[in-house]
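What follows is a set of notes on a single structure, which appears directly below.
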2 protein chains.
Amino acid sequence: MGLSNTARAQPEPDPDTAAPAARGRGRPRKRPEERDDGNRRQAVLRAAARLFRQQGFAATSTRDIAAAAGMQSGSPFYHFESKHALLGAVMLEGMERALAAQARAMQRAEDDGEPIDERAALRVLVRNHLEVLLGPESDFIPVMLYEWRSLSEAQRRDINALRRDYEAVWNPVLEALHAQGLLRGDVRLARLMIFGALNWAVQWFDPARRATLDALTDAALDLFLQERA
Amino acid sequence: MGLSNTARAQPEPDPDTAAPAARGRGRPRKRPEERDDGNRRQAVLRAAARLFRQQGFAATSTRDIAAAAGMQSGSPFYHFESKHALLGAVMLEGMERALAAQARAMQRAEDDGEPIDERAALRVLVRNHLEVLLGPESDFIPVMLYEWRSLSEAQRRDINALRRDYEAVWNPVLEALHAQGLLRGDVRLARLMIFGALNWAVQWFDPARRATLDALTDAALDLFLQERA
DNA sequence: CCTACCGATCGGTAGG
DNA sequence: CCTACCGATCGGTAGG
């Protein structure tokens, strides 16, 4: 993901967010054996994701997050330089999860055999996107979508790189569908509108009856694609 | 400066934009002739809409709003009971404008003659929605869309009523298109996704080159409708 | 509407 | 990671 060298001592988001998280944080560890195993850091990250999603970034205090993670009010700052760095870490984690899930879903579809039909590929992408957006453990991506304006310019640049990777998987599928006459109109605008249609579900989807993620997928494909070329 | 230069007898048709909200504010008016003409109230409302849109509700201070409206820090509270009440007023104003614009657009289309074709009707609705969302003076509706969670239950109820009115105009059009085979899939889900596709444009549309609202409309219709029944 | 002000809360830090 | 704390800012109000 490489965004490690910002050269500035600015309050940049700590790049190492998720699993690998091998790099040291600001403060020096006393002894290797005492290294933070990431449990507490992950707890802060998850609590932040949930609260940022529910209440928004500005409306959530770092004290709220600390309490939700079972810590004292100043402790989140041991793991993250600032509240903004925490927000950036949540979004980065979200994008990494989304990218990983997308790669897994596409791989699975290919493994299932059959030459890859673009219609089926779009179905896989849509279904996975909805899962990432609305499934369990799905606080990170909604935060990324709806708190974009709270990011600094540098943070946006970093996360935009991952976003482009995510979209890069969609583009050839959409282009092919367009070439086949199954998707009409400007492809770039179509992509933006498709993402909008799906992302908006965050606002109205009721997770109580989440059996309907498949129904949502069907509705999306019915809506976006032409019945026959 | 004069503590009373407000008392200008400037009779104007009730400025209280929020129609039914014509209820008295906290403090009693001294004399009927001295009633606030709404200029300053409108200034506060517009400043709030702009700042809430740009920075979000929680990240905007009432001092920011006061300054943007050319007032002192405590003065917004002369016009609105609280920051939350101000947010509600922004959203209410937004919905009223949107409803009025929608009615005007539909009326205009009917006046232009021709029996009303549903495809054309959808075009009118989409085009108007984009205008309300992205056109000039378009801060109110985006605030409503993206600050929903900051509302109280009672406020949501009021504004939801107007939202239902707004959607009620779309439903018969979408139903008819579905009956004609031009719109596929579950109609309710289709409506939600269409709104999502359009509302999401707030996130990426660049108003600098706003000549493309028509292009957006074309792209939307291409994407959502089947070419032929 | 302005002046002057209050109590509460916030992000963040020093030092252990 | 906790304790103890600071300066800044916030929504809101009394009184004119």
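Proteins come first, then strands; the chains are lettered A, B, ... in the order of their sequence lines, and each starts at number 1.
Between A:Gln155 and A:Met91, every side-chain heavy-atom pair lies at or beyond the 4.5 Å cut-off. Counting heavy atoms from C-beta on, the side chains of B:Arg149 and A:Gln54 never come closer than 4.5 Å. Here the side chains of A:Glu167 and A:Phe195 are in contact, with some heavy-atom distance below 4.5 Å.
A donor-acceptor contact shorter than 3.5 Å is absent between the side chain of A:His79 and the backbone of A:Gln42.
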- Does the pair A:Tyr146 and A:Trp200 meet the rule for a ring-ring contact (aromatic ring centres under 6.0 Å, His included), with working shown? CA-CA 10 Å; A:Tyr146 291 98; A:Trp200 192 248; 7.0 Å; no

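The nearest whole Å value for the distance from the CE atom in B:Met71 to the P atom in C:dT3 is 13 Å.
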Restricting both atoms to N or O, compile the protein contacts to nucleotides 8-12 of chain D shorter than 3.5 Å, with distance only.
unit_1: D:dG11; atom_1: OP1; unit_2: B:Thr60; atom_2: O; d: 3.4
unit_1: D:dG11; atom_1: OP1; unit_2: B:Lys83; atom_2: NZ; d: 2.8
unit_1: D:dG11; atom_1: OP2; unit_2: B:Thr62; atom_2: N; d: 2.8
unit_1: D:dG11; atom_1: OP2; unit_2: B:Thr62; atom_2: OG1; d: 3.0
unit_1: D:dG11; atom_1: N7; unit_2: B:Arg63; atom_2: NH1; d: 2.7
unit_1: D:dG11; atom_1: O6; unit_2: B:Arg63; atom_2: NH2; d: 3.0
unit_1: D:dG12; atom_1: OP2; unit_2: B:Lys83; atom_2: N; d: 2.7

- Query: Given the rule that a pair is Watson-Crick or G-U wobble with both distances under 3.5 Å, how would you write DNA chain D in dot-bracket, using | for pairs to a different strand?
  - Reply: ||||||||||||||||

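To the nearest 0.5 Å, atom CZ of residue B:Phe80 and atom CD1 of residue B:Ile65 are 9.5 Å apart. Here A:Thr60 contributes atom OG1 and A:Arg53 contributes atom CZ; the two are 13.0 Å apart, rounded to the nearest 0.5 Å.
Side-chain contact, A:Asp214 with A:Thr217: no donor N or O sits under 3.5 Å from an acceptor N or O.
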